[in-house]
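Bear in mind the structure is a predicted one, so any value in this text is a computation, not a measurement. Quick note on labels: first sequence line is chain A, next is B, and so on, each numbered from 1.
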There are 2 protein chains.
Amino acid sequence: MNYSTSEENYIKSIYHLRGDHQLVTTNELAAELKTRPASVTDMLKKLKAKKLLIYERYQGFKLSPEGKKVALGIIRRHRLWEYFLSVKLQFSWDEVHEVAEELEHVTSKKLIDKLDEYLGFPQYDPHGDPIPDQQGKIHAVKQVVLSEWPLMELAEVSGVTDQRSDMLDILKHQNISIGTKLEVKKRFSFDNSVEIKTKNSPAFIISEQVAKNIWVKKPGT
Amino acid sequence: MNYSTSEENYIKSIYHLRGDHQLVTTNELAAELKTRPASVTDMLKKLKAKKLLIYERYQGFKLSPEGKKVALGIIRRHRLWEYFLSVKLQFSWDEVHEVAEELEHVTSKKLIDKLDEYLGFPQYDPHGDPIPDQQGKIHAVKQVVLSEWPLMELAEVSGVTDQRSDMLDILKHQNISIGTKLEVKKRFSFDNSVEIKTKNSPAFIISEQVAKNIWVKKPGT
DNA sequence: AAAAATATTTAGGTAAATCTAAAAAAAATA
DNA sequence: TATTTTTTTTAGATTTACCTAAATATTTTT
Ligand SMILES: [Mn+2]
Ligand SMILES: [Mn+2]
Ligand SMILES: [Mn+2]
Ligand SMILES: [Mn+2]
């Protein structure tokens with residue numbers, strides 16, 4: 001019922017590599033964890049003995065249902081702390097992960113559920129990744145800022161970070177709102193502005209600042 | 001510059017036993033840490049090698065100046081987290097310590113200084129123990145709730161937890177304010193009410209609820 | 001289907017933090 | 001002061017999480 005920091009890091013990495021569907025390989029996990037394949041094999045045996053892993057030697061491995069539950073618990077803690085650091089302590093987007101990597105291993109259930117409540121049950125961490133609930137269920141779907149969405153792939157607008165009126169002004173002017181489907185036609189490296197095309201209007205350009213404030217996701221998800 | 005959880009727990013316990021003044025004994029520290037004397041001796045050698053400890057075998061030991069600095073850093077983290085748990089997450093008085101025991105080992109300086117700022121630079125943890133500042137300096141002095149102050153020992157009122165007007169009403173009525181010196185004459189086990197005596201007034205009784213809301217300290221400190 | 005290349009596991013070791021049992025030093029007592 | 005008791009240290013194991021080097025299994029290439 002209680003796992004070491006090291007065990008938790010292995011479980012989390014396995015989940016991040018393949019969820020609980022396909023098989024993961026020893027070398028792959030060793031690379032992910034910056035450790036050696038022999039060390040991975042050692043840990044695989046231990047996690048299998050604890051029934052967190054489905055594993056036969058030389059055959060690859062994946063999380064058991066129990067292992068997946070544990071993984072989602074760790075991810076819940078990680079992402080709640082990232083949200084806390086970002087929203088309450090004003091950490092920037094790229095500083096939160098490292099600290100959350102440590103905080104996630106403090107396992108008090110009460111701590112995490114109270115933190116969740118205190119934060120207002122946030123749906124997404126600062127990188128747009130969904131936060132699992134108490135039961136480990138993920139309701140939302142990963143979202144990405146428009147400035148990082150790949151070219152020529154249909155996206156659906158799912159949120160806006162900065163909701164001050166001058167930001168919403170721009171969106172209104174360009175007829176963008178939650179649910180709008182669009183494609184990024186071109187990204188200009190000079191100023192990182194992007195050319196956007198929606199269904200019923202000619203293509204237009206928005207600045208990087210604006211593109212960074214718009215969350216998008218795969219349509220329909 | 002970076003110490004393991006185990007090393008940190010040893011350092012903190014040494015500080016709690018004797019500050020950095022008198023010598024601590026091996027058995028004493030083993031009892032405090034619920035470990036064996038042999039394990040303590042092993043760790044003493046390691047901490048001495050790291051110059052955190054002044055120690056000659058069979059002679060007892062105490063923290064070096066560097067060791068004291070490290071101890072105060074850990075205590076700062078511990079007490080700030082206790083304050084956070086109590087004030088922000090609504091943990092009760094007696095639940096905070098156990099969780100803080102884990103959180104204290106997350107050592108990001110930025111995390112702790114931002115947390116301190118976010119909390120409004122609190123002076124005391126939920127048990128009345130003073131919180132060291134960024135430099136490890138302790139400005140305040142330990143305070144205790146009046147309901148736990150020993151009988152017949154002079155106390156000075158240093159604060160009030162619940163500051164709603166009906167509470168302040170009582171204090172005004174009994175002529176108690178910050179700085180008032182008083183003694184607890186008797187504690188009635190039936191309802192934990194306490195008989196109080198101040199300088200220029202006859203003794204009077206206050207309820208446990210009120211006594212729990214009044215912080216006191218050694219006069220003059 | 002061999003041979004070669006690659007991936008994985010096993011064998012054997014190390015460092016940290018713990019333990020028990022035995023030895024040695026210090027303190028208390030007779 | 002000699003003996004006994006208590007405290008502390010040393011010696012030698014154990015567990016966890018790593019490692020390197022060698023062995024073995026699997027996959028790819030010829
Ligand atoms: Mn992260
Ligand atoms: Mn981690
Ligand atoms: Mn505490
Ligand atoms: Mn601790």
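With distances taken from any side-chain atom of A:Leu44 to the nucleotides C:dT9, D:dC19, C:dT18, the minimum falls on C:dT9. The A:Tyr58 side chain lies nearest to D:dT26 when the options are C:dT18, D:dT26, D:dT8. Picking from D:dC18, C:dC19, D:dA21 the nucleotide with the shortest atom distance to the side chain of A:Thr35 gives D:dC18.
Note: B:Phe84 and A:Phe84 meet the aromatic proximity criterion, with ring centroids under 6.0 Å apart.
Between A:Ser39 and the phosphate of D:dC19, there is a side-chain N or O to OP1/OP2 separation shorter than 4.0 Å. Between A:Tyr55 and C:dT9 there is a side-chain N or O to OP1 or OP2 distance below 4.0 Å. The phosphate of D:dT8 has OP1 or OP2 within less than 4.0 Å of a side-chain N or O from B:Asn27. The phosphate of D:dA21 (OP1 or OP2) has no side-chain N or O of A:Arg36 nearer than 4.0 angstrom. Dashed line: the shortest gap from a side-chain N or O of A:Ser6 to OP1 or OP2 of D:dT16 is not under 4.0 Å. OP1 or OP2 of D:dT10 has at least one side-chain nitrogen or oxygen of B:Arg57 nearer than 4.0 Å. Phosphate contact (OP1/OP2 of D:dT7, side-chain N/O of B:Thr25, threshold under 4.0 Å): absent. The shortest distance between the side-chain N/O atoms of B:Ser4 and the OP1/OP2 oxygens of C:dA16 is not below 4.0 Å.
Between B:Glu28 atom CD and D:dT9 atom P the separation is 13 Å, expressed in whole Å. Put simply, CD on B:Gln59 is 12 Å from P on C:dA25, counting in whole angstrom units. Per the geometry, CG belonging to A:Leu47 stands 16 Å off C1' belonging to C:dT9, to the nearest Å. Here the C1' atom of nucleotide C:dT18 and the CG atom of B:Leu29 are 14 Å apart, to the nearest Å. As rounded to whole Å, 8 Å separates atom P of C:dA11 from atom NZ of A:Lys45. The nearest whole Å value for the distance from the OH atom in A:Tyr3 to the P atom in D:dT16 is 14 Å. Rounded to whole Å, atom P of D:dT9 lies 14 Å from atom CE of B:Met43. Atom C1' of nucleotide C:dA15 and atom CD of B:Glu7 are separated by 12 Å, given to the nearest angstrom.
Note on B:Tyr10: only backbone sugar-phosphate atoms sit closer than 4.0 angstrom, heavy atoms only; bases stay farther off. Residue A:Thr26 is in sugar-phosphate contact alone, with no base atom involved, counting any heavy-atom pair closer than 4.0 Å across all strands shown.
Between B:Asp133 and B:Ile138 the shortest side-chain heavy-atom distance does not fall below 4.5 Å.
For the salt bridge (Lys or Arg N to Asp or Glu O under 4.0 Å) with B:Glu104, the qualifying choice from B:Arg76, B:Lys12, B:Arg79 is B:Lys12, the only one to do so.
Heavy-atom contacts from other residues, nucleotides or ligands closer than 6.0 Å to NZ of A:Lys110 number more than 12.
For the pair A:Lys62 and A:Tyr15, the NZ or CZ position fails the cation-pi test of under 6.0 Å to the six-membered ring centre and within 45 degrees of the ring normal.
With a cut-off of 3.5 Å on both pairing distances, the Watson-Crick or G-U wobble partner of D:dT24 is C:dA7. Figure legend. C:dA23 is base-paired to D:dT8; pairs are counted as Watson-Crick or G-U wobble with both atom distances under 3.5 Å.
With hydrogens and angles disregarded, a donor-acceptor distance shorter than 3.5 Å links the side chain of A:Glu28 to the backbone of A:Thr25.
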